[in-house]
Amino acid sequence: MAAEYAWSTLACAVMVVVTVLLHYESLRLITDQLVPRLRVHPRHELVYVILAVFMIHALEIGLFALAYHALTAAGLGRIHGAIDGSFFDSLYFSLVSYTSLGFGDVYPVGALRLLCGVEALIGLLMIGWSAYFTYLGMERLWKAHAQHDEVRRRHREGRHRGSGDRP
């Protein structure tokens with residue numbers, strides 16, 4: 001029994017490190033690679049950023065699902081409830097754990113419970129981190145949007161002045 005929890009604790013530590021590094025590097029890539037290459041209106045840029053962040057969370061949920069599936073196969077616990085034993089059960093369980101939704105129709109048994117608790121905590125942290133990242137991006141985009149509108153306003157005023165109307 002103690003060995004099962006030791007392996008589960010190790011899996012928890014690995015998943016935390018992998019999730020944090022994946023999240024950090026992905027947000028950095030969005031900032032350094034995706035956003036500078038976009039040549040779209042600021043409001044559309046935000047849509048791309050949100051979609052990219054959503055994909056990061058989906059990947060993290062998928063990694064936890066793989067961990068659940070692997071730990072279950074290794075005999076370190078099980079997922080009980082309305083399941084058929086497929087990978088999609090692990091994916092669904094990971095989704096409701098990561099988001100702290102926790103419907104209760106599927107639940108962990110054994111050492112797998114540790115990973116479930118850690119996933120809920122890391123999910124909350126990553127969602128909060130993404131919310132702040134998105135806020136910072138929106139703040140920058142709002143400024144860019146205001147500058148874009150100001151340039152358009154000046155351009156319109158310049159056309160009106162150039163049409164023979166002298167101030």
Assess the residue pair I30 and V49 against the criterion (side chain to side chain contact (heavy atoms under 4.5 Å, CB included)); give the C-alpha distance rounded to whole Å, side-chain angles, the decisive distance to 0.1 Å, and a yes or no.
CA-CA 7 Å; I30 291 170; V49 169; 4.2 Å; yes
Atom [atom1] of [X] with >12 non-hydrogen neighbours under 6.0 angstrom:
X: R153; atom1: CZ; result: yes
X: R28; atom1: CZ; result: yes
X: F87; atom1: CZ; result: yes

State, with a plain yes or no, whether a side-chain heavy atom of [X] is found less than 4.5 Å away from one of [Y].
X: L115; Y: M15; result: yes
X: F93; Y: H69; result: no
X: L114; Y: T9; result: yes
X: Q147; Y: E150; result: no
X: V18; Y: L63; result: yes
X: I79; Y: Y92; result: no

Polar side chain donor-acceptor pair, H23 to S130, under 3.5 angstrom
yes
Using a strict threshold of under 4.0 Å (side-chain N to carboxylate O), is an ion pair present between K143 and E139?
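Between K143 and E139 there is no salt bridge, as every charged N stays at least 4.0 Å from the carboxylate O atoms.
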Do side-chain atoms of R39 reach the backbone of P36 as a donor and acceptor pair under 3.5 angstrom?
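Judged by distance alone, yes, a pair lies under 3.5 Å.
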Just jot down the side chain to side chain contact (heavy atoms under 4.5 Å, CB included) partners of L38, sequence neighbours excluded, or say none.
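Here the qualifying residues are L34, V40, E45, Y48.
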Identify the heavy atoms of A65 and S94 that sit nearest to each other, and give their distance.
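Heavy atoms of A65 and S94 come nearest at N-OG, 3.6 Å.
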